Number of protein chains: 2
Amino acid sequence: MASRPTLKTIADQVGVTVSAVSLALRNDLRISQATRERIQQAAKELGYVYNRHAAGLRRGDSGTVAVCLNDLSNPFFTEFLGHMEARFREADRMMLFCHAHETPSIQARFIRQMAEHGAAGLILVPVAGTTREDLDGPQVRHLQDFPLVLISRDVADTGFDRVINDDVLGIRLLFEHLYEAGHRRFAWLGGGGDTSTARDRECSFRQQMDAAGLPVTRDSVHHGPTTLEFGDAMLERLLTMPEPPTAIMCFSDIIAFGVLAACYRHGVRPGVDISVTGFDDMAAAAYSAPALTSVRVRTDLIGQCASELLLSRMAGEQYPPVRKVVPPELVVRASTGPAA
Amino acid sequence: MASRPTLKTIADQVGVTVSAVSLALRNDLRISQATRERIQQAAKELGYVYNRHAAGLRRGDSGTVAVCLNDLSNPFFTEFLGHMEARFREADRMMLFCHAHETPSIQARFIRQMAEHGAAGLILVPVAGTTREDLDGPQVRHLQDFPLVLISRDVADTGFDRVINDDVLGIRLLFEHLYEAGHRRFAWLGGGGDTSTARDRECSFRQQMDAAGLPVTRDSVHHGPTTLEFGDAMLERLLTMPEPPTAIMCFSDIIAFGVLAACYRHGVRPGVDISVTGFDDMAAAAYSAPALTSVRVRTDLIGQCASELLLSRMAGEQYPPVRKVVPPELVVRASTGPAA
DNA sequence: TTACCTAGTTCAATCGATTGAATAAATACA
DNA sequence: TGTATTTATTCAATCGATTGAACTAGGTAA
């Protein structure tokens, strides 16, 4: 296949130099209107495609940003992705995307590669277990002074900007809602991963229990993956207990959906016989059977805030690291009700 | 911030030329082991980051592939994304990502931009209404002989490779399952968009009805968006009909979930009072209340096949356009049962 | 001793676009 | 008419890595 036309091709065609073409295509007024039009016309006819490698090499910016997430099967993260993609498109930035799949080596590789590609900034949901070292150590020297925004999960002791949900508040809202409805026997499901989200939510749960004078026993906290399967399997187990909980608080809506599915099979009526809460308030929460009580994490605000922050850092703005904590909102639906 | 080290920086440090450094970093045997090690050591110490713009400019390949999808809120598409991402990572390709959101202008822009960025190939779920012209016209000359694989949705009369699901078969499997269970009053929900998927599934539904000698009336086909809301709202409407259908076939699991939610509220028992089917068999289908009968679209196979195909085209392999049709599998669950 | 390898390294052109400085041509001003 | 000024375009260096060709020791064979 014939190689693609370049500025040179156009220049020869029109009878000017590459400089003139370069300027004309960017609508620089230094080139006369007439010539500019001839050049632009020729470019169109030749099917010219701008070469950002060449331009980026000279100017030092490729026009891309990098985004690294961990769980595409979780709508919660794809919501983020959507919000950020929209904002970056607006800013005329392309998105280099990585699905790290909770795998440190994939994340590490992506962090290197996006730099090789000249990405101008990085949005990262850090893989579970990510430490300060991973983002700040000698292996990743290039991240120093690099525009990087952490979202959803925090990493302690780093000097990066971060935008996260107020997980402590979220759990408190749910707990208070349940407590006021008379619940006293609670179970906590999920949050197996080594993330700030898992820690903060569980910690908040324990605090609430403490504050309410309720004991946290081995039977009230159950770690596991954020999957439907886990929720489903856990309900089966909880039902066999001598004194099953009356309220089940899940780390994520996903787990809660699994619990609801198991309830349905067992003829246990959520909201009547037992109360179930999720976390995130993904779109499906309003359409589960029954609709799920949850806390709405503002993925829109977090996504927007993170992309704004990144774009401003990319524009070179200097200010101390920002740690933005976005409050979630309690959404009460049919899956919770008064304690039996 | 000090600009990043380049080959020159390393060369000066070690006391060799850039050529030597370039070769050494790629482990070329022409450079002696000793020098190579000194150079690699220096590179590490300096925190050198490879510049793919420069390399790509010279070599003509940036090492990226582009992927353009339309609905991130649909797990069906994110499943694809996951499968392809994995395969491309394996091939050491980065992914330029776009969420076209069923918007032709976004798709068109992305098709231009990914070329500007030197992507070596493109995987595209075409936006609803995409025509031959959009992929083959004078605006997109650069797509000629460009590695491009269409997935999930087909575009007529194009010479591109495509990997799609056998939608006709999928509907037939569902229909036969319902028909054999005694159903005779059917409703079809969804497929509002101008896509091959929507056309093929509805067309197949009509064919099945015809073949079974059942009339397709105004009341049996209802177009709408692929949302939970639509399914929910439609069930409400169907229930008010004098002779409601006994079997509801939905364009997508998403719509079916909406239908199930409405059933739950109304005390209608899916699988007993009414039968409901989805399409795609996303992960959640096994955990809805009740679990949803659907057809499993092999996103794994389609994703793998598409990425293999693309990689082979990118490697320069020549063969006539491939049109791969992957058969789906019927998955019967509790949401369907014998006609009342 | 001379011609000839060979391994190890350097030279210099190259990819395509950008840009500050230089030049040429046209116009304005005195 | 000659000089200053503006306008339109070209020149040439540059970004960072790659690569075929050229060079330079040191070693071998004749």
Side-chain angles (χ1 to χ4, degrees), chain A residues 1-40 42-43 46-64 112-113 115-120 142, chain B residues 1-40 42-43 46-64 112-113 115-120 142:
Chain A
M1 113 183 113
S3 62
R4 289 210 295 223
T6 70
L7 292 190
K8 183 83 172 52
T9 323
I10 303 174
D12 291 349
Q13 168 98 181
V14 177
V16 291
T17 62
V18 281
S19 320
V21 177
S22 171
L23 294 168
L25 289 184
R26 282 172 297 150
N27 257 311
D28 192 303
L29 295 176
R30 280 175 290 183
I31 301 298
S32 69
Q33 168 112 19
T35 318
R36 240 181 308 152
E37 281 170 4
R38 271 196 308 147
I39 291 174
Q40 286 167 359
L46 289 167
Y48 171 74
V49 174
Y50 185 65
N51 183 332
R52 279 188 200 253
H53 279 159
L57 175 56
R58 181 65 220 262
R59 304 214 295 188
D61 177 11
S62 72
T64 55
R112 180 171 46 73
Q113 291 194 330
E116 294 181 356
H117 277 277
H142 61 275
Chain B
M1 116 183 110
S3 62
R4 290 209 297 224
T6 70
L7 292 190
K8 183 82 172 50
T9 323
I10 302 173
D12 291 347
Q13 168 99 183
V14 177
V16 291
T17 62
V18 281
S19 320
V21 178
S22 172
L23 293 168
L25 290 183
R26 281 172 297 149
N27 257 311
D28 192 302
L29 293 177
R30 279 173 292 181
I31 301 297
S32 70
Q33 168 113 18
T35 317
R36 241 183 306 153
E37 280 170 5
R38 272 195 307 145
I39 290 174
Q40 285 167 0
L46 289 167
Y48 170 74
V49 175
Y50 186 64
N51 184 332
R52 279 191 200 250
H53 279 157
L57 175 56
R58 181 67 220 264
R59 304 214 294 189
D61 178 10
S62 73
T64 55
R112 180 171 46 73
Q113 290 195 332
E116 294 181 355
H117 277 275
H142 61 275

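Chain A is the first sequence line, chain B the second, and so forth, proteins listed ahead of strands; every chain is numbered from 1. Since the structure is predicted, the reported quantities are computational estimates derived from the model, not experimental observations.
Taking side-chain N and O atoms only, A/Thr35 has a distance below 4.0 Å to OP1 or OP2 of D/dT9. Taking only side-chain nitrogens and oxygens, B/Arg30 never comes nearer than 4.0 Å to OP1 or OP2 of C/dT10. In this structure, A/Ser22 reaches the C/dT18 phosphate: one of its side-chain N or O atoms is under 4.0 Å from OP1 or OP2. Between A/Arg4 and C/dG16 there is no side-chain N or O to OP1 or OP2 distance below 4.0 Å. For C/dT10, the OP1/OP2 oxygens have a side-chain nitrogen or oxygen of B/Thr17 closer than 4.0 Å. Distances shown here put every side-chain N or O of A/Ser32 at or beyond 4.0 Å from the OP1 or OP2 atom of D/dA8.
With respect to B/Asp28 and B/Arg26, no salt bridge is recorded, no charged nitrogen being found less than 4.0 Å from a carboxylate O. Between A/Asp61 and A/Arg59 there is no salt bridge, since none of the side-chain N atoms of the basic residue sits less than 4.0 Å from a carboxylate O of the acidic one.
Here the P atom of nucleotide C/dG16 and the CG atom of A/Leu46 are 14 Å apart, to the nearest Å. D/dG16 atom C1' lies 11 Å from atom CD1 of B/Ile10, rounded to whole Å. Computed from coordinates, the B/Lys8 NZ to C/dT10 C1' distance equals 14 Å when rounded to whole Å. Taking atom NE2 of residue B/His53 and atom C1' of nucleotide C/dC15, one finds them 14 Å apart after rounding to whole Å. Here D/dT18 presents its P atom at 10 Å from CZ of B/Arg52, a figure rounded to the nearest Å. The distance between atom CG of B/Leu23 and atom P of D/dG20, rounded to the nearest whole Å, is 10 Å. Rounding to whole angstrom units, CG of residue B/Leu29 and C1' of C/dT9 are separated by 15 Å. Nucleotide D/dT9 holds its P atom 8 Å from the CD1 atom of A/Ile39, rounded to whole Å.
Residue side chain A/Ser19 does not reach the base of C/dA17 through any donor-acceptor N/O pair under 3.5 Å, judged by distance alone. Judged by distance alone, with hydrogens and angles left aside, A/Arg58 brings a side-chain donor or acceptor within reach of the base of D/dT14, the pair sitting under 3.5 Å.
With hydrogens and angles disregarded, no donor-acceptor distance shorter than 3.5 Å links the side chain of B/Arg58 to the backbone of B/Ala54.
Taking all atoms of both residues into account, the shortest heavy-atom contact from B/His117 to B/Thr64 is O-OG1, 4.3 Å. Taking all atoms of both residues into account, the shortest heavy-atom contact from A/Ala55 to A/Tyr50 is CB-OH, 3.1 Å.
A/Val16 comes within 4.0 angstrom of sugar-phosphate atoms only, judged by non-hydrogen atoms across all strands, and of no base.
Mapped onto DNA chain C by nearest heavy atom, A/Leu57 and B/Ile31 fall at different nucleotides, with B/Ile31 at the one closer to the 5' end.
Considering only the side chain of B/Arg59, D/dT18 comes nearest among D/dG16, C/dT18, D/dT18. Checked against D/dT10, D/dT18, D/dG16, the side chain of B/Ala55 finds its nearest nucleotide in D/dT18. Comparing atom distances between the A/Arg26 side chain and each of C/dT10, C/dT18, D/dA17 picks out C/dT18 as nearest.
Contact of the B/Leu25 side chain with the B/Gln40 side chain is registered, since non-hydrogen atoms from C-beta on lie closer than 4.5 Å.
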